[in-house]
Amino acid sequence: MKIREINAMRGPNYWSVRRHKLIVMVLDLEKMEEYPSNEIPGFSERLQKMFPTMYSHRCSVGTAGGFFERVEEGTWMGHIVEHIALEIQTLAGMDTGFGRTRGYGEKGVYNVVFSYEEESVGRYAAKMAVDICEALIAAEEYDMDNDIQHMRELREKERLGPSTGSIVEEAQSRGIPWIRLNKYSLVQLGYGANQKRIQATVTSDTSSIGVELACDKEDTKYLLEQAEVAVPRGDIISRESSLEASCKYVGYPLVMKPIDGNHGRGITVDIQNYEDALVAFHAAKAVSRRVIVEKYITGEDHRLLVINHKLVAAAKRTPAHVVGNGKSTVNELILEVNKDPRRGYGHENVLTQISVNDLTKTIIKDAGYTLDSVLPEGERLLLKDTANLSTGGTAEDITDIVHPANVSMAERISKIIDLDICGIDIMTNDITLPLSETGGAVLEVNAGPGFRMHLAPTTGLPRNVAAPVIDKLFPNYGETGRIPIVAITGTNGKTTTSRLVAHMAKMKGYRVGYTTSDGVYIQNRLLMTGDCTGPTSAEFVLRDPTVNFAVLECARGGLLRAGLGFKKCDVAIVTNIAADHLGLKGIHTIEQLAKVKGVVPETVLPDGYAILNADDDLVYDMRRNLNCNIALFSMDEHHPRIKAMQRLNGITAVYENGYVTICRGEWKMRIMSAENIPLTYGGKAPFMIQNVLAAILAAHVQGISIEDMKAGLETFIPSASQTPGRLNLFEFKNFSILLDYAHNPAGMRALQKFTDALDATVKVGIIAGIGDRRVEDNNEMGSIAAEMFDEIIIRQDKQLRGKTEDELIKMLRDGILMKDPNKKTTVIPSEKEAITHAVKTATKGSLIILCSDVIPDALDLVKKFKELEAKGELVFE
């Protein structure tokens, strides 16, 4: 078997609008297409022996053991690979359960689709599943243990930590979108100008001074002392020569820690003599230039979590330890503790497995034992010097029993240090009593405290400590941090419609970011060039903190490659569906193409609008899958679908009596006469009128006034600056050049309707074959050109996209010959040379129609000719 490609979906996609995290592997079964599972001796038995837990896979049978039944009856290897990929992720601690395998449109080739939690793990699982399946086919041994552990390590490396993850989950539950900004814990909540950011548990509202203070234990201690908060007696040194005097000043027992350390690094506790103090000093110096020497306060370790200056949770923490039974060695006791199903690798479970490292061995040795020692019954042996859960510690929730004086003290400390989120470490024998009565003390104040001990304590009540974080960042009820998103898809007209909607939003006063097939624009500044209609470009706009209105063009390529770059939108426009790019990425029919495009309106929020073309059957049928408001547009005000919508008091846009008009029910609001809208060339470009109808509907449902719409329509001029490559007409003294992006038969037909209305002595067309289109599509492009033009120049695209130059030229020639064998046709492969030839041989009154895909290059050349003509220098070498 051969893997052709692996794609990871990260948003709503062709396979599922609800399940965003899917691996789509294109798998060629090769010779195994001829061998279903029941024709491979012993395959089913080997599979069941290797994966007994797959008995829970119900498959299409619908009952436990259903998948094994399918294997015994006979199923194809792609289906089996799908189930293996799901199961190995479950064995690695990531229980995902969605999968499907469908034909790719070629014999023996399948789309194997399955869910994942972390992308790198999903991609690895895809490859591993194929390897395992091939080993089972060949009756070869396969050791999964290393692979499963590698998947766990990939997960821990890639996943959000438990604290960040809890905040993101709480945000999602409230409808707040999020974007991960780096590979660590920097996350954006909300979009554009309404975004907030978190990094672990530090927020964009957190005081930088507060963080700096908390990271400087000397300053923290000084401020707390000044505020009469109980802190241990201590000293700060940077040289070994000062150590002995410092120890005498503070008095044993001691605790030693780096002044700007974190996560327990370099800390040594319960130091009883100078020799141990010397070792501890060097351990702390390895982390920080200066070292705190502090009185060791006896008692139990408590963490108080304060958010927005309110105590929200408290936990008593215990370092990793074992308790002797008089029979087992220390090592055996550790192994027994690690069998607890609540313990796992990294953060996969409530508790972390206890690892034995050099520090552990040193602590055991200092206690008078080794790993092989039998620990007396009932004796507790500490294995770590801090109580962090990440090192195997445990936590007990004690929120409800914290004395009010300690609560008040913690909340006061948060304001003294000026932290909106802080963890306060307290050592005391009894948290139910004030520190003044127990002799306890505040040991440390932490910026960015971990939430894990409160979210999932070992014992006691879990606390949703992420909720107050979101309450602080988004204090208004129902606030989601979203900005308006208008998403636009279809076969033709997407870019012009996107630009027009963005232009009208700008007239309203919005700061607009928009994506097109030409590039990404932020407030009309081009910041990225090229085809920017995929999820990465959409995310670029939604991440920009200056944007408060997004218009996103969504093409099929990005949808099939990675899904949409957003989860929900406010308005979705579908312009039309026509044959284009068929035969690529497993999309072979126009109905499949409609399903791809239909993903976009399915993401509209319930109170948003899907704007559909009532004149297009495939677009109109999309309404069946929608859970939102629907608005329709049509070039025929009497269309039965429009009339039906109007009877329901729905919103429509129609072309009537020469006007573009919005209707609420049957009440008309005429916007403008089409002939006064520059984009329509005096009403001569019907497809542009159609784009206008969709755009004014989007503007209307987004609250843009008719006055602002009219201002937008009047100032949106078809030109190289506002609509590059879309009906750009350049008037020369003796001829004209019309530049358009028409790149498929439907686009060519629309262009034909427009050019048929233009007067010209001769119409010369410059066309190109497109490598990733079917033969019949290029044939049709040639046939349409033969109808449209008096003369044809065949050039070649810069990107051949899998075909040869000769093949593409032949496809176009064949189409031309089908329509008009006598049509004058010239082949000039270079676009620059083709345009230059057309200009050089242009006759008076002629119209040169250039169908270009590399718009900037073509525009630059035409503009150069205009400049030369203006100078009287339009001559050729």
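For this chain, numbers begin at 1 and follow the sequence in order. Both backbone and side-chain heavy atoms feed into the values below; hydrogens, waters and symmetry mates do not.
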**Prompt:** Hey, mind stepping through E117 and T96 against side-chain contact (heavy atoms from CB on, under 4.5 Å) and telling me if it holds?
**Reply:** CA-CA 7 Å; E117 286 189 7; T96 63; 3.7 Å; yes
**Asked** Of all residues at least two apart in sequence or in a different chain, which pass the side chain to side chain donor-acceptor pair (under 3.5 Å) check with D570?
**Response** none
**Asked** Is L189 close to F474 at the side-chain level, that is, under 4.5 Å between some pair of heavy atoms?
**Response** yes
**Item:** R123 CZ to E118 CD distance, which is reported to the nearest 0.5 Å
**Value:** 13.0 Å
**Fill in**
One should read off an interatomic distance between L648 CG and I630 CD1, to the nearest 0.5 angstrom, of 10.5 Å
**Asked** Within the distance-only criterion (no hydrogens, no angle test), does the side chain of E158 pair as donor or acceptor with the backbone N or O of R155 below 3.5 angstrom?
**Response** no
**Asked** Does the side chain of Q89 come within less than 4.5 Å of M151's, by heavy atoms?
**Response** yes
**Item:** Distance-only polar pair, side chains of R197 and Q199, donor-acceptor under 3.5 Å
**Value:** no
**Asked** ring pair (Phe, Tyr, Trp, His ring centres under 6.0 Å) with F566: which residues, sequence neighbours excluded?
**Response** none
**Asked** Which residues pass the salt bridge (Lys or Arg N to Asp or Glu O under 4.0 Å) test with K710, sequence neighbours left out?
**Response** none
**Asked** Below 4.5 Å, heavy atoms only, C-beta onward: do I577 and D617 meet side chain to side chain?
**Response** no
**Asked** Is there a donor-acceptor contact under 3.5 Å linking the side chains of S634 and D636?
**Response** no
**Message:** Could you measure the distance from the CD1 atom of I522 to the CG atom of D544? Nearest 0.5 Å is fine.
**Reply:** 4.5 Å
**Request:** Could you tell me whether D616 and R641 have a side-chain N and a carboxylate O separated by less than 4.0 Å?
**Result:** no
**Item:** L22 CG to F114 CZ distance, which is reported to the nearest 0.5 Å
**Value:** 9.5 Å
**Message:** Taking side chain to side chain donor-acceptor pair (under 3.5 Å) as the definition, give me every residue that meets it alongside E87, ordered by chain and number, with sequence neighbours left out.
**Reply:** T53, H57
**Prompt:** Are Y14 and Q592 close enough that some pair of their side-chain heavy atoms sits under 4.5 Å apart?
**Reply:** yes
**Qualifying residues under side chain to side chain donor-acceptor pair (under 3.5 Å), relative to D95, sequence neighbours excluded** = T90
**Request:** Please assess I6 against K127 for the test side-chain contact (heavy atoms from CB on, under 4.5 Å), listing each intermediate value before the final yes or no.
**Result:** CA-CA 9 Å; I6 299 174; K127 297 173 185 176; 4.0 Å; yes
**Item:** Nearest heavy-atom neighbours spanning N182 and L186
**Value:** OD1-N, 3.2 Å
**Message:** If I take atom OG1 from residue T680 and atom CE from residue M672, how far apart are they, to the nearest 0.5 angstrom?
**Reply:** 8.5 Å
**Request:** Could you name each residue pair satisfying ring-ring contact (aromatic ring centres under 6.0 Å, His included) that touches residues 158-197, not counting sequence neighbours?
**Result:** none
**Message:** Show every ring-ring contact (aromatic ring centres under 6.0 Å, His included) that has at least one partner inside residues 483-524, sequence neighbours left out.
**Reply:** H503-F716, Y510-F549, Y514-Y521
**Request:** With sequence neighbours left out, write down each residue that passes ring pair (Phe, Tyr, Trp, His ring centres under 6.0 Å) with Y741, or none if nothing qualifies.
**Result:** H743
**Item:** Any side-chain heavy-atom pair of I3 and M25 under 4.5 Å
**Value:** yes
**Item:** I198 side, atom CD1; S185 side, atom OG - distance, nearest 0.5 Å
**Value:** 8.0 Å
**Asked** With a 4.5 Å heavy-atom cut-off, do L564 and P535 have their side chains touching?
**Response** no
**Asked** Taking only residues two or more places apart in sequence, or in another chain, which ones meet R102 in a salt bridge (Lys or Arg N to Asp or Glu O under 4.0 Å)?
**Response** none
**Side-chain heavy atoms of T575 within contact of N492, under 4.5 Å** = no
**Request:** Would you name the heavy atoms of I88 and A129 that are closest together and state the gap between them?
**Result:** CD1-N, 4.2 Å
**Item:** Side-chain donor/acceptor of N13 to backbone N/O of G11, under 3.5 Å
**Value:** yes
**Prompt:** Under 3.5 Å, side chain of N627 to main-chain N/O of P606, donor-acceptor pair present?
**Reply:** no
**Exercise: identify the closest heavy-atom pair between V654 and C663** = CG2-SG, 4.1 Å
**Prompt:** Do the non-hydrogen side-chain atoms of I176 and L473 ever get within less than 4.5 Å of each other?
**Reply:** no
**Request:** Apply side-chain contact (heavy atoms from CB on, under 4.5 Å) to W15 and N111, showing your working.
**Result:** CA-CA 10 Å; W15 301 100; N111 280 304; 3.5 Å; yes
**Asked** With sequence neighbours excluded, what pairs up with R749 under the salt bridge (Lys or Arg N to Asp or Glu O under 4.0 Å) test?
**Response** E787
**Donor-acceptor pair between E553 and T516 side chains, under 3.5 angstrom** = no
**Request:** Flag this pair as yes if the NZ/CZ of R100 is under 6.0 angstrom from the six-membered ring centre of F98 and inside a 45 degree cone about the axis; otherwise no.
**Result:** no
**Request:** Evaluate the criterion side-chain contact (heavy atoms from CB on, under 4.5 Å) for residue pair M507 and T715; output intermediate values, then yes/no.
**Result:** CA-CA 10 Å; M507 292 292 106; T715 57; 4.2 Å; yes
**Prompt:** Considering residues at least two apart in sequence or located in another chain, which fulfil the side chain to side chain donor-acceptor pair (under 3.5 Å) criterion with D518?
**Reply:** R499, R726
**Prompt:** D615 and M635: which non-hydrogen atoms are nearest, and at how many Å?
**Reply:** OD2-N, 2.9 Å
**Asked** Between R4 and E106, is the closest basic N to carboxylate O distance under 4.0 Å?
**Response** yes
Side chains of residues 688-702: which donor-acceptor partners sit under 3.5 Å, not counting sequence neighbours?
| unit_1 | atom_1 | unit_2 | atom_2 | d |
| --- | --- | --- | --- | --- |
| N691 | OD1 | T497 | OG1 | 3.4 |
| N691 | ND2 | F687 | O | 3.4 |
| H700 | NE2 | R664 | NE | 3.0 |
| H700 | NE2 | R664 | NH2 | 3.4 |

**Prompt:** Salt bridge between E170 and R174, side-chain N to carboxylate O under 4.0 Å?
**Reply:** yes
